[in-house]
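Each chain gets a letter, A, B and so on, in the order the sequences are listed, and its residues count up from 1.
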There are 2 protein chains.
Amino acid sequence: MPGAHHRDAHLHSDTSERIEAILDLLRSEGGRVTIGRRAIVTALLTANDHHLTAEDIAKIVQDQHPDVHVSTIYRTLETLERLRVIDRVSLGSGGAVYHPTDHTHHHLICDACGAVIELGHEALAPLKADLEDRHGFTLSSQPISLNGRCRECAAS
Amino acid sequence: MPGAHHRDAHLHSDTSERIEAILDLLRSEGGRVTIGRRAIVTALLTANDHHLTAEDIAKIVQDQHPDVHVSTIYRTLETLERLRVIDRVSLGSGGAVYHPTDHTHHHLICDACGAVIELGHEALAPLKADLEDRHGFTLSSQPISLNGRCRECAAS
DNA sequence: ATAATTGCAAAGTCTTTGCAGTTTG
DNA sequence: CAAACTGCAAAGACTTTGCAATTAT
């Protein structure tokens with residue numbers, strides 16, 4: 001394997017940095033960085049399609065590292081999800097899709113008490129994907145506010 | 001609790017009517033109404049919990065009709081989904097949940113050309129279920145408008 | 001009558017897990 | 001070196017399907 005430390009020349013340095021940051025996070029948790037894990041993280045951060053199934057990831061990774069087993073993909077995805085590096089979104093049917101977490105926030109607003117619940121971007125990701133698939137409609141990336149009732153107010 | 005042992009006696013006439021309407025719809029499509037199907041539809045419309053898994057439904061149905069096989073549950077759910085009587089929502093992990101469709105409409109608004117796309121309630125059903133599960137937040141049943149770009153404007 | 005539906009069992013997807021060997025830090 | 005990770009194969013959860021028998025209209 002060619003110099004594992006040098007950053008791949010074709011990646012934007014921003015992306016390379018994100019990848020390295022994730023791998024460092026992994027190490028800081030007592031984890032190890034293997035060829036497979038590096039390839040999986042790279043696949044997640046460099047794919048143009050931002051909703052990859054485990055199988056998609058396996059194909060990308062195995063293209064260069066045929067030995068990486070699908071069980072390793074699942075185990076690594078599980079770890080990355082626990083570290084909040086990626087989100088797992090289970091679509092209607094077939095397998096779940098995975099994508100890097102981003103930090104856009106939306107809000108849930110209680111009509112009764114005015115409480116505001118912060119919502120990560122990933123909460124709307126399935127909706128966004130669905131609207132694109134079904135209507136060719138691209139949801140604005142601006143924060144969205146949704147009204148309704150919080151747990152307490154819904155109960156009363 | 002007014003006290004008969006007969007389930008049907010407890011149903012509000014409104015619910016009974018909805019059940020019969022669904023069964024009629026089934027018949028009008030050339031379908032047959034069997035004991036199992038009636039029990040499944042009844043379970044879906046009378047459960048207090050509004051997100052039942054196939055297994056939940058099986059338990060309820062089999063309580064009174066032990067012969068109804070789980071494959072029948074799945075096949076009937078598939079049929080009801082096709083008839084847009086119920087929505088299937090696949091949650092993060094574990095099995096999907098099913099619940100009756102309602103007919104609220106939402107809108108997608110193009111920020112560029114002002115086009116309005118009508119959206120059935122079911123488009124937001126997975127989001128709604130997700131918000132309830134994760135945040136105990138009940139989305140208002142009022143129409144929701146979401147902004148973004150339509151297919152044509154997104155392209156340019 | 002006859003086409004739809006069912007129960008059953010077997011197969012199909014997608015994902016998880018036990019284990020012995022390998023690799024990372 | 002010790003702990004973490006891996007490939008493999010087998011198991012698990014959930015869902016679908018082929019088929020002969022049954023049932024609704």
Side-chain angles (χ1 to χ4, degrees), chain A residues 1 3-5 20 22-41 43 51-59 61-62 64-83 85-98 126, chain B residues 19-20 22-41 43 51-59 61-62 64-83 85-98:
Chain A
M1 68 210 70
H5 306 19
E20 294 306 321
I22 291 168
L23 298 179
D24 284 345
L25 174 58
L26 217 35
R27 274 186 279 249
S28 77
E29 296 281 320
R32 311 275 158 93
V33 173
T34 61
I35 303 285
R37 288 183 160 193
R38 179 180 290 272
I40 292 165
V41 170
H51 35 287
L52 303 174
T53 63
E55 199 186 349
D56 294 334
I57 296 167
K59 278 194 187 112
V61 168
Q62 289 168 352
Q64 310 218 26
H65 307 280
D67 308 343
V68 176
H69 195 274
V70 59
S71 65
T72 296
I73 308 274
Y74 279 108
R75 282 189 278 229
T76 298
L77 289 171
E78 189 184 12
T79 299
L80 293 174
E81 195 188 8
R82 184 172 47 74
L83 296 179
V85 165
I86 61 173
D87 290 308
R88 175 197 162 125
V89 181
S90 71
L91 300 184
S93 208
V97 302
Y98 302 82
Chain B
I19 294 173
E20 294 306 322
I22 291 168
L23 297 179
D24 284 346
L25 174 59
L26 218 34
R27 274 186 279 249
S28 76
E29 296 283 320
R32 311 278 158 90
V33 173
T34 62
I35 305 283
R37 287 182 160 195
R38 179 181 289 273
I40 292 165
V41 170
H51 37 286
L52 302 174
T53 63
E55 198 186 349
D56 293 335
I57 296 167
K59 278 195 187 112
V61 168
Q62 289 169 353
Q64 309 217 22
H65 307 281
D67 308 345
V68 176
H69 197 274
V70 59
S71 65
T72 296
I73 310 273
Y74 279 109
R75 282 189 279 227
T76 299
L77 289 171
E78 188 184 12
T79 301
L80 294 174
E81 195 187 8
R82 183 171 47 75
L83 296 179
V85 165
I86 61 172
D87 291 309
R88 175 196 162 125
V89 181
S90 71
L91 300 184
S93 209
V97 302
Y98 302 82

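The stretch residues 67-74 of chain B comes close to DNA chain C through B/Asp67, B/Val68, B/His69, B/Ser71, B/Thr72, each having a heavy atom under 4.0 Å from the strand.
D/dT16 atom P lies 15 Å from atom CD of B/Glu55, rounded to whole Å. In this structure, A/Leu83 atom CG and D/dA4 atom P are separated by 14 Å, rounded to whole Å.
For A/Ser71, the side chain to side chain donor-acceptor pair (under 3.5 Å) test picks out A/His69, A/Arg75, with sequence neighbours left out.
A/Gly36 comes within 4.0 angstrom of nothing in the nucleic acid, heavy atoms only. When heavy atoms are screened at a 4.0 angstrom cut-off, A/Gly30 is found touching the sugar-phosphate backbone but no base atom.
Side-chain atoms of B/Thr76 lie closest to C/dT6 of the nucleotides C/dG25, D/dT25, C/dT6.
For the helix from C/dA1-D/dT25 to C/dG25-D/dC1, the rotation axes defined at the first and last 5 base pairs enclose an angle of 40°, given to the nearest 10°.
Heavy atoms of other residues, nucleotides or ligands lying less than 6.0 angstrom from CD of B/Glu20 number more than 12.
B/Thr34 has a side-chain polar atom (N or O) that falls below the 4.0 Å cut-off from OP1 or OP2 of C/dT6. For the pair A/Arg32 and D/dA3, the criterion of a side-chain N or O lying under 4.0 Å from OP1 or OP2 is not met.
Judged by closest nucleotide on DNA chain D, B/Tyr98 is the one of B/Tyr98 and B/Arg75 placed further toward the 5' end. Two residues, B/Ala54 and A/Ile40, neighbour DNA chain D, and the one matched to the more 5' nucleotide by heavy-atom proximity is A/Ile40.
Here B/Ile35 contributes atom CD1 and B/Thr72 contributes atom OG1; the two are 12.5 Å apart, rounded to the nearest 0.5 Å.
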